[in-house]
Every structure is written in C-alpha cells, then in structure tokens.
K.L.:
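Pasting a structure here, questions to come.
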Amino acid sequence: MAKDRTPPRRRRWFYRLAIRNGTGKRRWPIRSAGINFALGYGVLFLISATLFLSFIWWSSTSLLNDHVRAFIETDAQELRHRWNHGGAEALGDAINDRLEQNIDDDALYLLMDRHGRRLAGNLPGWPVAIEKMNHFYELTIRRYTFTTPAQFKAYALPHGFRLIVGHDIRGRTLLSTVITRTVIWCAVMISLLAVGGALVVRDLFRRMVGSIARTASAVANGDLNHRITLTGSETDLVAETVNTMLDRINRLMEGVRQVSNAIAHDLRTPITRARNQLEEALFSSSSPDELRVAVDKAIVDLDHITGIFEALLRIAQIEAGARRSAFTIVDLNQLLANMAELYEASAEDAGLKLKLNVTTLPALFGDERMLQQALANLLDNAIKFSPPDSTLTLSAHPVMATTASGITNERQRPLGLEISVQDQGPGMNDADILRAHERFFRAESARNTPGSGLGLSLVQAVTSLHHGRLILTQANPGLKVTLFLPLTPEAEQTSRSTTPTRNTS
C-alpha cells in the first residue's frame, strides 16, 4: 500500500508558500538574505514584545482582580460580624453607612430576608445568574443609565437571610482595553519597523554585492587593477579576501606575461642558432665528422631550451603549492654542512674560498629537496660571478624576538631562520635588485655569462612555498642573498639540533 505523503492540514500553508526548484526540493520563496534577516528579526521582536505586553496585561488584570476579591472578602467578613452582634437591623445600617461613604460609587450590596424582600443595598434585586453561595460571579449589570461589569459573591445568613457583596470593575476593564490597544499599536509599529529594517538591510546587502559585482565585471573586462572599496564595516572581511585573491591573480597574470615575453625573446636565439647550424651542416658539410659536430652543437642548444622549460615547470609547480605535501622535519645543520662540502670543490676549482658560518639551528618544517635546490642556485650564482681569489660565505642563524627597546629576548623561541650566501663579485644596482626575482631577468653585468635568468625565480618560489622572504642587499663589494624562513608549530615539536658551528676556509 502506497504511503500517503499529503502534508498535515496545519502545515499546508508552508507547502503553499514553498516553491519547487529543478531538483524537486522545496525552497523558501524569498531569496533575499537581507529581507530574510530583517523579517526574522522583526518577527522575533514582535513575538517578544507581544509576550512582554501580554504578561503586563495578565499580571495587571490578575492583580486588580485579586484586589477586588480581597476587598469583597474583607468587607463581607466585617458585615457578617455586624450581623452576629446586631442582626439584620445592624447589618442594614452598616450597608447604608458604607454606601454613603463610598465616594467612587463602586461598592455594591444587597441584603434580602427569607421572603425575598430587599432590606438594604443599591442593587434592585437578586441577580438571576447567582445560584450558588460563596462563589464569585462576574456579571454585567445596569446602573442608572449605563451598564457596567461587576464582580459579586453571595453569602447565606442565619434565618434564611441572604447577602450580596460586589464591586464595580470598570477600572479593570478600562485598563485591559488600554493595554490591548497598546499591544495592537505596538504590533503595527514593530511590523512597520521590520519592513523598514528589511529595506535598509537589503540596501546594505545590495551595496556590498554591487561593489563586488562591479569589481568582478571590471576584472572580467580585463582591468585587473580594480579593487573593492573598503567601507570600515564588517563587510570589509569579504572585501579584503577578494582583493587579496585579485592581487594574487594579478601577480600570476603578470608572471605569465613576463614568461611569454621572455620566451618570445630569449628562446628565439638558441632555437634560431640550432636551426642555422643544422641548415648549414646540411648544405655545407663535406664529411660525417663535420655533420656530427653541427648536430652536437644543436643538441646542446636544444638541451638548454629543455632545461629552461623544466625550470619553468618546477617554478609553476612550486608556486601552485603542490610541493607542500612533501614537507617534513628538516635538519638544516646537516643540510648546510652537506651543501658546503659539495660546493667546496667547485669553489676551489674556480679559485675561490668557501666559508661556512652556521650557529646551532632549530629544526624546520619544509621540503628538503626544494631547499637544497634553492641553496644550489645561490651557490652556483655566487661561484659564477665571483672573481678569483675571493671568498664566498654561507651563513645561517636563528632570528630571535626583540622587545620594544630593541633588546633581543633570548628566552623566547626563535621567530625564524636566516640563511644567506654572500660573494665579492660585481653585485647589482638598486634597480636590478628590485627586478632580480623576475623570470628571465638578467642584469647588464650578467649578459655575457651562461644562464637563463630563472635561478632567483626558483629561489623566490621555494621561499614563498615556505612562507618566507627573499632579501637581496649590496655587500660592497658583492651581493648578499638572504632567505628568511619562519618557524612553524610542527618544527617546534622537535628537539633542537646540537650540531656545533663549523667554519670552512
């Protein structure tokens, strides 16, 4: 038997409002976040205000009702005390005295004998609705030329006499009416405030989304420098995130343009040279040996082109962050010692001295192979541009926190590590230092030396992968290249290395 999926009657109103989308699911018809937020706040505020005012109405009317009943009970007890001491005549006199002294004219009395005759009081007769004794009744009676609500209680007296003590409750009714009108007007005003708040919040949301939409449209049309305006509100968190994303996209696009231009200019020469060599060998070679020499030269040029593309791919892979999956705890003391030992022979062949100056370093969370590649590029460049009989210095030390007065606090953990390679070569001017990390950029002093201009670009990518900074400064003479690598919580969990300082000369 198929299951009946008809919604209950009490929930059909929601299903009438709900709208089916393309997937068959129901969704709320109002899709504006600003209106939904304002309406939700307005409804919540309306319910809270209604409950608060209803409590005031209930407590006020209950307090007044309890006051009336207490007055009736107290008055009736005194009147029965008069009956006990003086009988019907004393009770009638007491009722007449109370009516004469009742300035507000809200006291109601009736004393009847066993034959149903009225002996005292201001009620014309026994109300038909009062059938039980010692029970409170709330009735509408006619007084003079108007009707008014009143509360009564009947008492049975000895010898068949009966007594009614009551009170006019027009004040309580008037208060209930005032409170009811107040609740209604509050509900109307809160509803208007909710609608106004919905419009204001919707306008705020539209402004925020409109700014993002205009920026996205400008970027889509090619203006990568357009950014979302910051207003100082909570929406700046979204704006700053989007602006940061656009800055990164702009940098990547600039990198793509630089690479495209560099490939068009720098690769054209080796490709053209290889083609000319092969063409010349094809038409002018008189022996297989000459042809083989031309092919070998062309292969060298093509290998150089292949190396450039491999370097570009490595840089792109590093900048994309794909290498972070290979991060482990790296012992920099051992890594630097191995690099110094590896390049010591190359430095001696070039007539240079390599000096290692490393203090005890804490462990680093990073990619050991990428760090080796970055240091190898720095050492290769230093050996390439250093004059004979000069000294290369590979140094590293932790960076400690400093106080406001500039005093180093040795008790705190290091903020990061600095690894630097310094040579005594021609160095770079300030303009070249600013562009040194660009792909294929080569300073004027390096135009006649072999290379592709991708070494420092790879070092920059490795440093960014480790959330560090690449700093180039003039050493006078020479150039000093420094890598600042911040420490991460993963590396702090490891014990500190105790490798002693090593100097190689």
Side-chain angles (χ1 to χ4, degrees), residues 49-188:
T50 302
L51 292 176
F52 178 72
L53 294 176
S54 299
F55 174 76
I56 294 178
W57 176 86
W58 173 81
S59 61
S60 300
T61 54
S62 298
L63 179 63
L64 182 59
N65 189 48
D66 294 340
H67 177 73
V68 170
R69 292 190 176 188
F71 172 80
I72 292 174
E73 290 284 1
T74 303
D75 202 12
Q77 186 177 0
E78 293 180 359
L79 291 176
R80 282 185 293 182
H81 183 70
R82 290 292 186 92
W83 169 275
N84 294 333
H85 287 80
E89 184 177 357
L91 179 57
D93 293 340
I95 291 175
N96 292 329
D97 291 341
R98 279 173 167 74
L99 291 175
E100 290 178 359
Q101 297 175 5
N102 184 217
I103 300 176
D104 295 333
D105 193 24
D106 56 358
L108 302 173
Y109 300 99
L110 178 62
L111 176 62
M112 300 188 71
D113 61 9
R114 58 180 172 271
H115 300 293
R117 291 175 299 185
R118 184 170 69 88
L119 300 179
N122 56 353
L123 292 177
W126 191 271
V128 179
I130 299 179
E131 299 176 350
K132 299 179 180 180
M133 299 297 173
N134 296 320
H135 184 75
F136 282 100
Y137 290 90
E138 187 170 325
L139 306 173
T140 301
I141 62 173
R142 184 172 185 81
R143 299 188 64 192
Y144 310 116
T145 59
F146 60 90
T147 58
T148 179
Q151 198 167 67
F152 303 97
K153 189 173 184 180
Y155 299 89
L157 301 175
H159 311 297
F161 284 78
R162 293 176 295 173
L163 173 66
I164 291 180
V165 180
H167 196 81
D168 192 332
I169 57 173
R170 283 177 297 174
R172 191 190 71 176
T173 305
L174 179 61
L175 179 61
S176 300
T177 304
V178 171
I179 294 178
T180 301
R181 290 179 180 176
T182 303
V183 170
I184 294 174
W185 279 109
C186 286
V188 173

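In this chain, numbering begins with 1 at the start of the sequence shown. Quick note: numbers below take in every heavy atom, side chains included, and nothing from hydrogens, waters or symmetry partners. No experiment lies behind these values; they were computed from the predicted model shown.
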K.L.:
Measure across G116 and R162 and return the closest heavy-atom pair with its distance rounded to 0.1 Å.
P.N.:
CA-NH2, 4.4 Å

K.L.:
Could you go step by step and tell me if L139 and I130 meet the side chain to side chain contact (heavy atoms under 4.5 Å, CB included) rule?
P.N.:
CA-CA 9 Å; L139 306 173; I130 299 179; 4.1 Å; yes

K.L.:
Nearest heavy-atom pair of G92 and A120: which atoms, and what distance?
P.N.:
CA-CB, 3.9 Å

K.L.:
How are the rings of H135 and Y137 set to each other: parallel, tilted or perpendicular (split at 30° and 60°)?
P.N.:
perpendicular

K.L.:
Work out which heavy atom in A154 is nearest to a heavy atom in K132; give both atom names and the distance.
P.N.:
CB-O, 4.1 Å

K.L.:
Got a sec, which residues hit ring pair (Phe, Tyr, Trp, His ring centres under 6.0 Å) with F161, two or more places apart in sequence or on another chain?
P.N.:
W83

K.L.:
List the atom of L108, the atom of D168, and the distance in Å for their closest heavy-atom pair.
P.N.:
CD1-N, 4.2 Å

K.L.:
Considering residues, nucleotides and ligands other than R69, do more than 12 of their heavy atoms fall under 6.0 Å from its CZ?
P.N.:
yes

K.L.:
Do the non-hydrogen side-chain atoms of I72 and F152 ever get within less than 4.5 Å of each other?
P.N.:
no

K.L.:
Could you walk me through whether L119 and I95 pass the side chain to side chain contact (heavy atoms under 4.5 Å, CB included) test, one step at a time?
P.N.:
CA-CA 10 Å; L119 300 179; I95 291 175; over 6 Å; no

K.L.:
Indicate the atoms forming the closest heavy-atom contact of A76 with V165, along with that distance.
P.N.:
CB-CG2, 4.0 Å

K.L.:
Step by step, would you call I164 with K153 a side chain to side chain contact (heavy atoms under 4.5 Å, CB included)?
P.N.:
CA-CA 6 Å; I164 291 180; K153 189 173 184 180; over 6 Å; no

K.L.:
Of D106, I141, T140, which is the lone residue that meets side-chain contact (heavy atoms from CB on, under 4.5 Å) with T148?
P.N.:
I141

K.L.:
Run N122 and N102 through side chain to side chain contact (heavy atoms under 4.5 Å, CB included) and show every step you take.
P.N.:
CA-CA 12 Å; N122 56 353; N102 184 217; over 6 Å; no

K.L.:
Roughly how far, to the nearest 0.5 Å, is NE2 of H67 from CZ of F71?
P.N.:
7.5 Å

K.L.:
Would you say the side chain of L91 lies within less than 4.5 Å of the side chain of L157, judging by non-hydrogen atoms?
P.N.:
yes

K.L.:
What residues form a ring pair (Phe, Tyr, Trp, His ring centres under 6.0 Å) with H85, not counting sequence neighbours?
P.N.:
H81

K.L.:
Taking C-beta and beyond as the side chain, do L163 and L79 meet within less than 4.5 Å on heavy atoms?
P.N.:
yes

K.L.:
Side chain to side chain donor-acceptor pair (under 3.5 Å) for N65 and Q151? Distances and angles first, verdict last.
P.N.:
CA-CA 9 Å; N65 189 48; Q151 198 167 67; 2.9 Å; yes

K.L.:
Can you confirm whether Y155 sits close enough to Q77 that some side-chain heavy atom of one is under 4.5 Å from a side-chain heavy atom of the other?
P.N.:
no

K.L.:
Under 3.5 Å, is there a donor-acceptor pair linking the side chains of Y109 and D75?
P.N.:
yes

K.L.:
If you take all heavy atoms of W58 and S62, which pair is closest and at what distance?
P.N.:
O-OG, 2.7 Å

K.L.:
For E138, is the CD atom crowded, meaning more than 12 foreign heavy atoms sit under 6.0 Å from it?
P.N.:
yes

K.L.:
Got a salt bridge between R98 and E78, using NZ or NE/NH1/NH2 to carboxylate O under 4.0 Å?
P.N.:
yes

